[in-house]
Amino acid sequence: MSTASAVDGEPRLYSTLSHRVEPLTTGPDGIVRIYVCGPTVYGPIHVGNARPFVVFSVLKRYLTRRGYAVRFVSNVTDINDKIYVAAQREGVPSAELAARYLNEYVTDTNRLGLGRPDVEPTVTGHMAEIIALIARLIAVELAYPSAGDVYFRVDRFPGYGKLSGRRLDEMLVTEPGGAKEHPLDFALWKGHKPDEDTSWDSPWGPGRPGWHIECSAMAQAALGPSFEIHGGGIDLAFPHHENEIAQSEGANGVPMAGIWAHNEMLELGGKMSKSEGNIVLLRDALDRWGRDVLVAFFLRTHYRSKLPFGDAALEDTGRQVETIRNAARTLDRAESVPGEGINRTLADTLVAARSDFFDALDDDFHTPRAFAALFEVIHAINRAVEGGRPGVAQLQAARAEFVGLLDVLGLADLAAGPPVAPAEIVALAAEREVARVARDFVRADALRAEIESLGYDVRDTPEGPQVTPR
RNA sequence: GGCGACGUGGCGAAGUGGGAACGCUGCGGUCUGCAAAACCGCCAUGAGCCGGUUCGAUUCCGGCCGUCGCCUCCA
């Protein structure tokens with residue numbers, strides 16, 4: 001059995017850049033800075049968009065619990081081709097549409113109950129920084145204006161392709177774009193087009209930022225030129241993150257991020273498809289499964305594994321969540337009528353499981369293994385209460401440890417104590433208990449059926465009937 | 001075609017050069033008026049396929065097959 005305390009090791013994360021699991025570093029001020037690419041707000045976000053939000057929100061919780069100061073920044077893209085298209089289709093101003101879906105994004109992700117990033121910058125809020133960064137890149141000849149646009153000069157940045165493992169000379173397949181020097185040069189600034197209802201003044205004429213420059217500018221504004229973790233979906237590694245590196249490192253001359261952490265994709269109904277039928281909106285998933293099940297669903301699989309989304313998997317997760325809730329109910333019951341002394345096995349398991357839990361998260365944020373440790377705790381609690389019930393002090397210690405681990409995963413409310421059943425239900429349960437004691441089982445069973453029809457289960461325990469939501 | 005990730009029991013999902021965690025499901029049992037919860041026990045002689053290294057490979061190396069993402073292509 002490991003006797004290591006939770007803080008013996010050090011957190012490590014896999015970096016797409018090095019292809020290795022690397023020790024997490026902190027900045028000079030001891031802070032862990034995390035930047036994660038957020039959504040483009042041209043519609044309600046789907047469950048796939050929610051994965052990085054959940055993964056990195058919980059990563060922050062874990063690091064915070066681990067004693068680190070964390071600054072978590074996640075942007076929202078509110079200027080984009082898709083936004084113009086969606087706004088035209090709906091016949092509303094693009095800014096209005098973006099503001100609306102930004103608001104809905106916040107509403108939807110709030111329902112996950114994981115808090116918010118410390119900073120959530122927008123493109124429209126960083127126009128000056130974006131323009132300054134572009135000017136800097138032009139000054140060092142890594143960018144050039146052309147026909148109202150500004151492009152990044154890809155072949156002048158030596159490390160281009162280092163993140164995604166591509167070589168410039170192996171990508172030379174497209175025919176040169178008209179205004180570009182090199183076919184793979186990408187736009188930093190796009191001159192205004194007539195069908196776009198917004199534009200910003202710049203030294204290169206009216207227009208708007210290109211696809212990638214915003215993140216370089218926003219990350220630098222919030223976290224400085226170099227920070228510890230840059231995250232996002234693996235589908236963003238190329239070209240988005242590759243271009244961010246080129247822009248930021250080209251302008252600043254220092255590594256943009258120490259660790260590039262990418263979550264794998266959600267698979268919707270088998271093969272990933274962009275057809276509407278394979279998209280599940282986050283709000284719909286929340287309505288159907290609830291935030292507890294959804295958060296647990298994201299966490300029970302490693303963040304770098306593909307995650308098929310489907311009823312069977314969510315139902316399975318729902319049963320796991322129920323097992324967790326039941327352990328909390330068992331503690332409730334035990335604490336109401338505690339025993340004496342301490343259970344040695346429970347005490348040992350609490351120590352070992354805590355260690356295993358944090359060791360797992362230290363090892364490339366292995367949430368599935370953390371869950372395994374959590375279930376060790378649950379098992380030990382159930383066994384202890386089943387056998388010689390321990391004293392109240394140990395029961396409370398067990399609850400504190402149990403809730404503490406759950407809280408790291410954002411699931412503490414699973415053990416938030418017994419939900420108060422409506423008085424009507426409680427009355428029915430009491431009535432049933434009277435019938436049951438009188439051995440009038442026909443009536444008792446009829447009352448159980450009635451209670452169940454109202455959405456509650458009755459569980460008879462040595463401490464009397466326990467009513468739980470179904 | 002290029003780059004990358006990956007192929008483990010009914011499902012999900014880990015660790016590991018030498019007895020294949022954990023969860024769900026299923027089966028048997030205990031408890032219970034019944035039920036639920038919980039507890040006890042059982043369920044992969046084999047880890048996509050084929051070679052190689054090794055005393056020994058699921059675990060390392062090579063090849064093949066397959067899945068997925070990005071790029072390319074196409075539009």
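In what follows, chains are A, B, ... by sequence order, proteins preceding strands, each numbered from 1.
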Nearest-angstrom distance from the residue atom CG of A/D457 to P of B/A37: 8 Å
Please determine, for B/C11, whether a Watson-Crick or G-U wobble partner exists with both distances under 3.5 Å, and give it or none. B/G23
On a whole-Å scale, what distance lies between the C1' atoms belonging to B/G18 and B/A47? 16 Å
Between B/G15, B/G33, B/G12, spot the one nearest the side chain of A/R300, thanks. B/G12
Side chain of A/R436 (C-beta onward), nearest among B/C34, B/G15, B/C40: B/C34
What is the nucleic acid contact for A/T323, judged by heavy atoms within less than 4.0 Å: base, sugar-phosphate only, or nothing? sugar-phosphate
Side chain of A/R459, heavy atoms from C-beta onward: which of B/C6, B/A37, B/G33 has the nearest atom to it? B/A37
Which nucleotide sits closest to the side chain of A/N326: B/A38, B/A14, B/C71? B/A38
Between A/N49 and A/H46, do the side chains contain an N or O donor and an N or O acceptor separated by less than 3.5 Å? yes
Checking B/A35, B/C22, B/G69 against the side chain of A/D235 (C-beta onward), the nearest is B/G69
Scanning all shown strands, the Watson-Crick or wobble mate of B/G46 with both distances under 3.5 Å is none
Can you classify the ring geometry of A/H212 versus A/H240 as parallel (below 30°), tilted (30 to 60°) or perpendicular (above 60°)? tilted
In whole Å, I'd like the distance from the CD atom of A/E264 to the P atom of B/A13. 12 Å
Nearest heavy atom decides the nucleotide; on that basis, is A/A312 or A/R319 closer to the 5' end of RNA chain B? A/A312
Check every atom of B/A37, B/A13, B/C68 against the side chain of A/K306 and return the nucleotide holding the closest atom. B/C68
Provide, to the nearest angstrom, the distance between the NE2 atom belonging to A/H379 and the P atom belonging to B/A21. 15 Å
Does A/T301 reach a base, just sugar-phosphate, or nothing at all? Heavy atoms under 4.0 Å. sugar-phosphate
Using 30° and 60° as the class limits, which term best fits the ring planes of A/Y151 and A/Y144: parallel, tilted or perpendicular? tilted
Exceeds 12 heavy-atom contacts within 6.0 angstrom, atom NZ of A/K82: no
For a quick check of understanding: with a heavy-atom distance under 4.0 Å over all strands, which category does A/E386 fall into, base, sugar-phosphate or nothing? base
Assign A/R439 to base, sugar-phosphate, or nothing according to its heavy-atom contacts below 4.0 angstrom with the strands shown. sugar-phosphate
Using a cut-off of 4.0 Å on non-hydrogen atoms, how would the nucleic acid contact of A/R432 be classed: base, sugar-phosphate, or nothing? base
Side chain of A/R304: nearest nucleotide among B/G69, B/A14, B/C6? B/C6
Pairing partner of B/C60 (Watson-Crick or G-U wobble, both distances under 3.5 Å): B/G52
Tell me the interatomic distance from A/E433, atom CD, to B/U32, atom P, rounded to whole angstroms. 15 Å
Name the one of A/D445, A/D440, A/D460 that satisfies salt bridge (charged side-chain N to carboxylate O under 4.0 Å, His left out) with A/R432? A/D460
Evaluate the criterion ring-ring contact (aromatic ring centres under 6.0 Å, His included) for residue pair A/H241 and A/H262; output intermediate values, then yes/no. CA-CA 10 Å; A/H241 291 341; A/H262 291 111; 5.0 Å; yes
Protein-nucleotide distance (A/N263, atom CG; B/G4, atom C1'), rounded to Å: 15 Å
Using purine N1 to pyrimidine N3 plus N6-O4 or O6-N4 for Watson-Crick, or N1-O2 and O6-N3 for G-U wobble, both under 3.5 Å, which nucleotide pairs with B/G66? B/C6
The single option from A/F309, A/W289, A/F371 that satisfies ring-ring contact (aromatic ring centres under 6.0 Å, His included) with A/F297 is A/F309
Classify the nucleic acid contact of A/Y14 as base, sugar-phosphate or nothing, counting any heavy atom under 4.0 Å across all strands shown. sugar-phosphate
Remember a base hit wins even if backbone is also touched, and classify A/D445 as base, sugar-phosphate or nothing at under 4.0 Å, heavy atoms. base
For A/R459 and A/N326, which I'm curious about, is there any donor-acceptor pair between the side chains at under 3.5 Å? yes
Nearest to side-chain heavy atoms of A/E267, which nucleotide of B/C68, B/A14, B/G69: B/C68
A/R333 CZ - B/A38 P separation (whole Å): 11 Å
Students often get this wrong, so: under 4.0 angstrom with heavy atoms, is A/E315 touching a base, only sugar-phosphate, or nothing? nothing
Once you apply a heavy-atom cut-off of 4.0 Å, does A/D316 come out as touching a base, just sugar-phosphate, or nothing? base
For a quick check of understanding: with a heavy-atom distance under 4.0 Å over all strands, which category does A/V385 fall into, base, sugar-phosphate or nothing? nothing
Among B/C22, B/A5, B/A14, which nucleotide sits nearest the side chain of A/H366? B/A14
Between B/G23, B/A14, B/C70, spot the one nearest the side chain of A/Q320, thanks. B/G23
Need one value for A/F375: base, sugar-phosphate or nothing, where a base atom within 4.0 Å counts as base even if backbone is also close, heavy atoms only. sugar-phosphate
Do the side chain of A/R369 and the base of B/C22 come within less than 3.5 angstrom through a donor-acceptor pair of N or O atoms? no
Who is the Watson-Crick or G-U wobble partner of B/C39, with both distances under 3.5 Å? B/G29
Given the P atoms of B/C50 and B/G9, what is the spacing between them in whole Å? 16 Å
note: A/D332, atom CG; B/A38, atom P; distance rounded to Å ~ 14 Å
